[in-house]
Amino acid sequence: MKEELINKAYELAKERYAELGVDTEKVLEQMQNFHLSLHCWQADDVAGFENQGGELTGGIQSTGNYPGKARNIEELRADIVKAKSLIPGTHRLNLHEIYGDFQGAVVDRDEVEPKHFASWIEWGKENNMKLDFNSTSFSHPKSGNLSLSNPDEGIRNFWIEHTKRCRAVAEEMGKAQGDPCIMNLWVHDGSKDMTVNKLLYRELLKDSLDQIFATKYDNMKDCIESKVFGIGLESYTVGSSDFYTSYASKNNKMITLDTGHFHPTESVADKVSAMLLFVPELMLHVSRPVRWDSDHVTIMDDPTLDLFSEIVRADALDRVHYGLDYFDGSINRIGAYVVGSRAAQKCMLRALLEPIATLRKYEAEGKGFERLALLEEAKALPWNAVYDEFCLRNNVPVGQDFIADVQDYEKNVTIKRA
């Protein structure tokens, strides 16, 4: 009965959108090709398997102590598989280096090798999840306030070697999966208080990046990520937006736009069309900043809707990659995966359903009233019926039905870890 109601609602929505020249069947095909890169660190509050129980450092912070977080690689993988089963479509997995399969061995970060991720590569194939990757500069005895921009040559070389090895890991991942692995480079480097050596640290960071990127690979793509500030590093960030935008433009690198890494009044959506004129591709890290880079669970809010709308309006679907980056330890972690992922999908769906051809026609003809009126009316169109159909066709729970699945998993699996 419920399936029949979903199909009926979809057929009505299909007719409504057709009146505006929008083909919902084409949109559903596009949604099947919209792949999120799920972040492995949501399942365990960015702990990883290298230094379990250690302090999270490097200007980031996970809050909350909801029971049942993943404690080892088996539990983490099980949680990701469960979350994946409740999210329509096929998706990728984004790994940080500290999530390697180290088999209990002590492997320092400048010693990491592709073999430490061989089991992840096989797991990805078995679960139809291609892999992305990140170097990890935080939560290490040599992290401090400066890593790739550290004037101490020994420490800086340690992190250069670490990042070079991470690129080699990403290359092997991409080769094995027959699709480029996107490797993100973000370092927390900065200063708690005022510094008089801004240029020095940026010169060192530039030199480190030049060394790291000297080796060219065919099966991985590099992206570089800026930040406004980190906790404990409020006054100065070496890898600012200006720095990385300039570096990426000059060196033809992909830029990562983390929605929590800009000033509260900045529009991340506005950066899409500006940056795509000068860099080959963009990577998104979608989260929800609340007053600061607090990494709250992604929801269908105005900034996220604007961001995905701008990507569609810029005809940039094939030049943007979509990752999630939040770690909320205050609520059920698998539930957080599902809520954030489905919210991002809904934002993309609404963007794809926009009657863009008519809107562009109005704009070209100088019909400002008509453009504004249609933009407003589009907000009330039955996009949710299209998303329900998308879920139904992918054999995942429709609407709020996934809540019961998450609760059952908590009762039978995660609560027993407490």
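Values below: every heavy atom of this structure, side chains too, minus hydrogens, waters and symmetry copies. Note that the structure is a prediction, hence the values are computed from the model and not measured.
- By the side-chain contact (heavy atoms from CB on, under 4.5 Å) test, Asn251 is found to be paired with Tyr247, Lys253, residues two or more places apart in sequence or in another chain being considered.
- The aromatic ring centroids of His39 and Tyr337 lie less than 6.0 Å from each other.
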Query raised in the report: Please walk me through it: do Phe158 and His140 pass ring-ring contact (aromatic ring centres under 6.0 Å, His included)?
Result: CA-CA 11 Å; Phe158 175 89; His140 185 276; 5.0 Å; yes
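- Between Glu50 and Arg109 the shortest side-chain heavy-atom distance falls below 4.5 Å.
- To the nearest 0.5 angstrom, Ser287 atom OG is 6.0 Å from Asp325 atom CG.
- Here the side chains of Trp123 and Asp101 are not in contact, with every heavy-atom distance at 4.5 Å or above.
- Not one N or O on the side chain of Ser309 forms a donor-acceptor pair closer than 3.5 Å with the backbone of Asp306.
- In this structure, the separation between CD on Glu363 and CG on Leu359 is 8.5 Å, given to the nearest 0.5 Å.
- Crowding of Glu25 atom CD: a count of heavy atoms from other residues, nucleotides or ligands under 6.0 Å exceeding 12.
- Residues Phe49 and His116 place their aromatic rings such that the two centres sit no closer than 6.0 Å.
- The cationic atom of Arg16 (NZ for Lys, CZ for Arg) does not lie both less than 6.0 Å from the six-membered ring centre of Trp383 and within 45° of the ring axis.
- At least one side-chain heavy atom of Val386 sits under 4.5 Å from a side-chain heavy atom of Tyr17.
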